[in-house]
Amino acid sequence: MSVCLQNVTKTYPLGDSEVHALKGIDLTIEAGEFVTVAGPSGCGKTTLLNLIGCMDVPSSGLVKIDDRDISSLSDRELTRLRRENLGFIFQSFNLIPVLSCEQNVEFPLLLKGKLSAKERMRRVHELLEKVGLNEQSKQRANALSGGQRQRVAVARALVTHPRIVLADEPTANLDSENGQKIISLMRDINENGKTTFIFSSHDPSIIALARRVIRLKDGLIASQT
Amino acid sequence: MRILSLLRILSRLALRDLWLRKIKTLGMGGILAMGTFLIVFGLSLLEDIEGTMKNGIIQSVAGHLQLYSKNAKDSLALFGGGFMGREDLAEIPDYSKILPSLLDHPNVAKVIPMGFEMALLGRGNESDELFDSLREALTSGDTEEIRSREEQVKFHLNFLSKEFEQGKKITADQKLLAQQTSWIAEAASDRFWLDIRLGPENKMQFLETKIAPLSGEKSPVYLRYLGTDPQLFQNAFSKFKIVSGEMIPEGKRGMLLASRFREDFLKILPARKFDMIYRKKIETGLSIATDAELKRIQRELALQHRPILTHLDFYETERLRGELVGYLEERKEHPGGSSDSLEDLLKRFLVVDDSNFLSRYNWFYEHIAPLVRLYEISPGQTIVLRSYTKSGYVKNVPVKVYGTYSFEGLERSDIAGQFNITDLVTFRELYGLMTEEALQELTDIRKTVNTQEIAKENIEAALFEGEPVVSHEPDAFSSSTFVDPQITAAKGLAEDYRPEALRQGLIINTAIFLRDESKLVDTQKELEKRISDLVPVNVIDWKKASGIVGQFIEIIRYVLLFGVSVILLVALIIINNSMIVATFERTQEIGTMRAFGAQKGFIAGLFLIEAFLLSLFASGVGTLAAWGATVWLKSVGIPAVHDVLVFLFSGSRLFPNVNETYMIAGPLIVVVLASISALYPALLAASIPPALAMQENE
Ligand SMILES: Nc1ncnc2c1ncn2[C@@H]1O[C@H](COP(=O)(O)OP(=O)(O)O)[C@@H](O)[C@H]1O
Ligand SMILES: [Mg+2]
């Protein structure tokens with residue numbers, strides 16, 4: 001699944017004026033890449049990831065996922081697109097606090113339907129195993145440490161076998177050791193499968209772990225490898 | 001399948017949310033449970049009350065329908081419109097004109113003619129009663145009896161003179177007082193009692209004209225009465241029952257006193273006070289020490305030695321004194337002064353408190369009550385009713401009291417228990433309006449007596465009584481009004497009447513019993529139309545006919561519904577508010593769910609299900625509580641602690657029933673309302689964009 005952006009801009013209204021978060025982005029990401037979007041705070045990383053993640057539509061230009069223009073899709077269709085193809089990891093983990101680790105990981109599968117309870121559990125535990133948290137599977141999400149939580153979030157993002165996983169500053173709320181661990185975990189998964197990873201960061205030590213770096217500055221691509 | 005598994009996860013999420021926010025959940029749930037309880041318990045209780053009250057009203061006097069003249073200025077209110085109970089209702093001149101037409105209707109089972117009015121009951125005073133029995137004794141010539149009565153009268157005179165001793169200090173007219181004192185002295189002298197045995201009439205007149213007025217007058221009592229066909233009434237109204245004496249015989253003029261009326265107005269005062277305390281203390285369970293009303297009655301009782309003393313003769317006084325000393329000594333309440341007078345002993349005896357009341361009460365009824373005349377009027381006695389007739393005359397009508405009655409289950413109700421029953425003939429006599437029939441009769445009299453000069457104003461006088469009835473004296477009750485049967489005969493009002501009289505002539509209203517109650521509304525309309533072709537009438541249902549009390553239940557219902565509405569409204573506002581707050585608190589969570597592919601409907605559903613489950617549990621608890629309360633009350637009964645409640649409960653206790661309709665409707669309403677109030681927050685939550693999951697709230 002490829003992502004293609006052509007001359008994409010995004011403008012937010014801010015009081016009486018406007019904020020130009022993205023000012024014309026041209027970008028292609030192929031299936032299976034391990035990409036980081038780098039740049040200082042406020043340069044438009046989150047905005048860019050939101051567009052790629054089909055959570056928002058551009059003000060102008062085209063965002064195409066597998067050659068489909070997302071601006072032409074309805075909210076329902078965008079939602080389905082996310083459900084079927086995308087996984088998300090957030091800066092503050094965003095686990096559902098009332099659910100256990102297991103239930104958090106299971107949640108996207110429940111939304112997807114189709115699978116039996118047994119199959120769901122098999123997948124949930126496969127992933128919890130992979131992130132090394134099988135033992136904590138019954139614990140309430142907010143009883144875990146930050147690093148553990150983010151690993152549960154990784155498991156949740158991967159449980160539906162998405163084609164693209166988007167992670168907006170996944171290490172920002174972690175110490176550097178845990179941050180490194182998460183990125184290497186993601187990289188392992190990327191190398192052992194076909195999942196595309198797109199994550200943003202402003203931390204040089206994290207950026208160094210990416211295979212491809214797209215640098216943003218003031219809503220424009222400053223450089224890319 | 002997908003819907004089901006979605007619902008499953010939704011409810012799991014919702015339950016976990018509710019669990020996580022325990023305090024909020026408990027608060028909202030508590031209010032919802034209370035609202036449900038009120039709906040289920042309150043409304044079903046009201047329905048029970050309505051049922052018993054309805055039965056009480058229909059089976060005591062109203063029937064299913066009531067018919068009365070359209071010319072009435074007030075509306076019919078069988079249990080009183082509230083004020084004095086004298087409504088201005090027009091008469092239906094001839095019952096025989098409408099009766100066949102009424103009975104002709106296929107749904108009409110029974111028709112009972114009626115008329116309500118008020119009259120004054122002549123009561124006389126204490127001396128009158130004494131002198132009447134003295135006169136009887138003198139006529140009989142029984143020396144023992146005369147001796148006993150003499151003692152009684154002397155005892156009474158002794159009282160009077162004591163009273164006058166005290167009166168001396170406050171009375172302005174000292175000359176009159178001196179004269180009256182000398183009369184008392186004369187009546188008490190041995191000379192007087194020697195003379196009275198030789199020639200009674202002269203001395204008796206002295207007693208009746210000079211001494212009797214000194215005792216003062218008892219206040220007149222208003223007596224509300226229902227004129228009807230007594231036999232028909234007895235057969236039609238299942239709650240009617242004779243308490244003492246006998247039924248008014250067929251074809252005889254007579255009266256049945258309402259048992260409650262007799263208890264409340266015609267019973268000797270100390271007994272009445274004992275009864276009042278008994279009811280409040282023993283039956284209702286209040287305590288004299290703490291209840292202000294009871295305390296007041298207790299103080300009044302303590303002053304009631306006088307009515308007991310006046311009823312006793314010399315020997316009875318001595319005997320009672322002995323017994324009372326024994327009683328008080330036994331309970332160590334007698335300090336030992338064996339020379340104490342009965343008056344002093346009674347004063348001590350009548351001071352009751354919570355611990356000695358029951359013993360005093362029982363002793364009073366066992367030892368004192370048999371010695372005194374407990375009731376002013378008893379079956380067999382003839383009373384005189386004084387009414388102000390519709391044509392403006394004052395009319396005295398004697399009528400024999402045959403017995404007392406009450407309505408089953410309503411014995412203690414003030415509302416249902418206060419009218420006395422008489423025949424229509426006596427009723428019409430007291431009502432005193434000229435009927436065509438009477439006018440015809442008058443013409444006949446004119447012919448026979450051959451007097452052309454009877455002035456129009458005197459028609460009634462000429463027709464009904466041998467002596468002028470127009471009364472101008474304001475103190476109309478200054479003389480004894482207990483009349484012996486001879487006076488009745490002298491006034492030319494027969495004790496008997498022809499049975500046809502009950503089916504023709506003047507009436508005010510009729511009670512109508514239906515064969516099929518479910519057709520009440522239709523029959524009501526049909527009858528009104530049918531009869532109005534003959535005489536303009538209103539036909540109303542039992543509820544309307546009962547007056548204010550019938551509407552009372554409606555008022556309670558509105559108050560209850562209002563209360564429930566307020567509670568539910570508060571609950572819904574709280575739910576609405578707290579859910580709106582929750583959408584803001586949970587923005588990131590909702591955004592995350594949306595990012596992972598939850599549709600808007602899923603998010604809305606989450607909030608709706610939360611409200612649904614919360615209200616379902618809460619209303620379930622409320623319903624269960626209502627059910628439990630009802631089952632418990634069904635086994636023990638709700639005591640009617642007030643007269644109004646006795647009427648509403650149609651008895652001294654209400655045994656409520658579980659009402660399935662409200663047990664389903666109550667929670668249903670609450671659940672639906674709660675879900676509706678969650679609608680806006682749900683839509684608000686659904687509109688949260690997924691991108692908000694990414695936003696950091698620093
Ligand atoms: N919803 C929004 N409304 C208004 N301004 C926004 C909104 N989201 C982002 N911005 C603005 O757009 C710019 C880019 O923001 P963002 O994409 O969050 O940058 P980054 O993630 O690199 O910190 C910033 O100036 C930010 O203030
Ligand atoms: Mg950002």
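A note on names: the letters A, B, ... follow the listed sequences, proteins ahead of strands, and every chain is numbered from 1.
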Kindly say whether B:Ala691 contributes a backbone atom to a donor-acceptor pair with the side chain of A:Asp56 at under 3.5 angstrom? no
For B:Arg586, is it the side chain, the backbone, both or neither that has a heavy atom under 4.5 Å from a heavy atom of chain A? neither
First locate atom CG of B:Leu20, then atom CG of A:Asn142, and finally report the distance between them rounded to the nearest 0.5 Å. 7.5 Å
Is B:Arg653 atom CZ crowded by more than 12 heavy atoms from other residues, nucleotides or ligands, each under 6.0 Å away? yes
Quick one: what part of A:Glu106 sits under 4.5 Å from any heavy atom of chain B, side chain, backbone, both or neither? side chain
With a 6.0 Å cut-off (strictly less than), is the heavy-atom count around OH of B:Tyr680, excluding the residue itself, greater than 12? no
Which of the residues A:Leu81, A:Leu95, A:Thr79, A:Asn50 is involved in the greatest number of heavy-atom pairs with chain B at under 4.5 angstrom? A:Thr79
For the student: nearest non-hydrogen atoms of A:Leu111 and B:Phe602, plus distance: CD2-CE1, 3.8 Å
Are more than 12 heavy atoms, taken from residues, nucleotides or ligands other than A:Arg76, located less than 6.0 Å from that residue's CZ atom? no
If you compare all heavy atoms of B:Glu589 against all heavy atoms of A:Pro97, which two are closest, and at what distance to 0.1 Å? OE1-CD, 3.9 Å
Between A:Glu169 and chain B, with a heavy-atom cut-off of 4.5 Å, which part of the residue counts as in contact: side chain, backbone, both or neither? neither
Report, as yes or no, whether the 6.0 Å neighbourhood of atom CD1 on B:Ile555 holds more than 12 heavy atoms from other residues, nucleotides or ligands. yes
Please say whether more than 12 non-hydrogen atoms of neighbouring residues, nucleotides or ligands are located less than 6.0 Å from NZ in A:Lys194. no
Nearest non-hydrogen partners of A:Phe88 and B:Phe596, listed with the distance: O-CZ, 3.4 Å
When you measure from the side chain of A:Arg82 to the backbone of B:Arg594, do you find a donor-acceptor pair of N or O atoms at a distance under 3.5 Å? yes
Using a cut-off of 6.0 Å, state whether more than 12 heavy atoms not belonging to A:His202 lie near its atom NE2. no
Spell out, as yes or no, whether a donor-acceptor pair under 3.5 Å connects the side chain of B:Gln588 to the backbone of A:Asn94. no
So which of A:Ile96, A:Thr160, A:Thr46, A:Leu78 has the biggest tally of heavy-atom pairs under 4.5 Å with chain B? A:Ile96
